[in-house]
*Asks:* 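Below is a structure I'd like to ask you about.
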Amino acid sequence: MPKLSAGLLLYRVVDDVVEVLLAHPGGPFWARRDDGAWSVPKGEYAAEDDPWAAAQREFTEELGAPPPDGPRLALAPVRQSGGKVVTAFAVRGDFDVATARSNTFEIEWPKGSGMLKEFPEIDRVAWFPVAVARQKLLAGQRPLLDELMAAPHLAGHREGGDAAARLG
């Protein structure tokens, strides 16, 4: 049975461009990685758990605030390269990235030192136009962007294309 993960793909429309909120994983493994390293805020859940409830819980744990209210669009589950199955829900809303406060985890660092060090699960979050998010997002999660952009209520909106993330 593959590991299951649920997440919330928060999106907004700014000047007719669809932007998505992505999270960069914390810890030493991801510290120098950028393109292909970002993720939908998500976390693991048990097969008997409700994926929507898990997605909301993980958003709150990883960003320090509850997700915005509003209708959700259930996106088709995707399988990441390691086999984990990610179920995501798209919700239109806004989030001030300056207020993000992630929970933490402990690992032995440096490896083999016997010393435990604490790291945030998420070290930063940012808004990206969908065109830029396609480069930033883990490859296994990119189909979520295709499905979001195919949603009828976003017809006519653009993916953007400027290289800089919007930080506010």
*Asks:* Return a table of donor-acceptor pairs under 3.5 angstrom between the side chains of residues 70-88 and protein atoms on other chains or two or more places apart.
*Replies:*
residue	atom	partner	partner atom	Å
Arg79	NH1	Gly83	O	3.1
Gln80	OE1	Gln141	NE2	2.6
Lys84	NZ	Glu44	OE2	3.3

*Asks:* State, to 0.1 Å, how close Tyr45 and Pro51 come at their nearest heavy-atom pair, and which atoms those are.
*Replies:* OH-CG, 3.6 Å

*Asks:* May I ask you to say whether Glu19 pairs ionically with Arg12, meaning some side-chain N is under 4.0 Å from a carboxylate O?
*Replies:* yes

*Asks:* Run the side-chain donor-acceptor check on residues 150-159: report pairs under 3.5 Å with partners two or more places apart or on a different chain.
*Replies:*
residue	atom	partner	partner atom	Å
His153	NE2	Tyr11	OH	2.6
His157	ND1	Asp16	OD1	2.7
Arg158	NH2	Asp15	O	3.4
Glu159	OE1	Arg134	NE	2.9
Glu159	OE2	Arg134	NH2	2.8

*Asks:* What I'd like to find out is whether the side chain of Phe128 reaches to under 4.5 Å of the side chain of Leu21, using heavy atoms alone.
*Replies:* no

*Asks:* Would you say the side-chain atoms of His24 pair up with the backbone N or O of Arg33, donor to acceptor, closer than 3.5 Å?
*Replies:* yes

*Asks:* For Pro129 and Gly160, which heavy atoms make the closest approach, and how far apart are they?
*Replies:* CB-CA, 4.1 Å

*Asks:* Is it the case that the side chains of Asp35 and Gln135 hold a donor-acceptor pair, with the cut-off being a distance below 3.5 Å and no angle test?
*Replies:* no

*Asks:* Other hydrophobic cluster members with Leu116, side-chain heavy atoms of Ile/Leu/Val/Met/Phe/Trp/Tyr under 4.5 Å, chained?
*Replies:* none

*Asks:* Between Leu4 and Met1, which heavy-atom pair has the shortest distance, and what is it?
*Replies:* CD1-CE, 4.2 Å

*Asks:* Less than 4.0 angstrom from a charged side-chain N to a carboxylate O is my criterion; do Asp34 and Arg124 meet it?
*Replies:* yes

*Asks:* Could you walk me through whether Trp52 and Leu8 pass the side chain to side chain contact (heavy atoms under 4.5 Å, CB included) test, one step at a time?
*Replies:* CA-CA 8 Å; Trp52 172 239; Leu8 200 147; 3.9 Å; yes

*Asks:* Closest approach of Ala55 and Ala6, non-hydrogen atoms and distance?
*Replies:* N-CB, 3.8 Å

*Asks:* Does the side chain of Leu10 come within less than 4.5 Å of Phe59's, by heavy atoms?
*Replies:* yes

*Asks:* Minimum heavy-atom separation for Ala37 to Pro25, with atom names?
*Replies:* O-CD, 3.3 Å

*Asks:* Please step through side chain to side chain contact (heavy atoms under 4.5 Å, CB included) for the pair Val18 and Leu145, ending with a clear verdict.
*Replies:* CA-CA 10 Å; Val18 179; Leu145 299 175; over 6 Å; no

*Asks:* Kindly determine whether Met149 and Val130 satisfy side chain to side chain contact (heavy atoms under 4.5 Å, CB included), including the steps that lead there.
*Replies:* CA-CA 8 Å; Met149 291 306 295; Val130 168; 3.8 Å; yes

*Asks:* Hydrophobic cluster membership, with links at side-chain heavy-atom distances under 4.5 Å among I/L/V/M/F/W/Y: are Val20 and Val13 in one?
*Replies:* yes

*Asks:* Any side-chain to backbone donor/acceptor pair from Thr99 onto Phe95? Under 3.5 Å, distance only.
*Replies:* no

*Asks:* Heavy atoms, side chains only, cut-off 4.5 Å: are Pro28 and Lys117 in contact?
*Replies:* no

*Asks:* Nearest 0.5 angstrom please: Glu147 CD to Leu9 CG, how far?
*Replies:* 10.0 Å

*Asks:* If hydrophobic clusters are built by linking Ile, Leu, Val, Met, Phe, Trp and Tyr wherever their side-chain heavy atoms come under 4.5 Å apart, do Val97 and Val91 end up in the same one?
*Replies:* yes

*Asks:* Rounded at 0.5 Å granularity, tell me how far CZ in Phe89 sits from CG in Leu148.
*Replies:* 14.0 Å

*Asks:* Please check this pair: side chain of Glu62 against backbone of Lys42, looking for a donor-acceptor N/O pair closer than 3.5 Å.
*Replies:* yes

*Asks:* Checking Glu108 side chain against Ser113 main chain: does a donor-acceptor pair fall under 3.5 Å?
*Replies:* yes

*Asks:* Please step through side chain to side chain contact (heavy atoms under 4.5 Å, CB included) for the pair Trp127 and Asp94, ending with a clear verdict.
*Replies:* CA-CA 10 Å; Trp127 288 100; Asp94 208 351; 3.6 Å; yes

*Asks:* Quick check against the 3.5 Å criterion: does Ser102 have a side-chain atom that pairs as donor or acceptor with the backbone of Glu121?
*Replies:* yes

*Asks:* When Trp38 is tested against each of Leu22, Leu138, Ile122 for side-chain contact (heavy atoms from CB on, under 4.5 Å), which residue passes?
*Replies:* Leu22

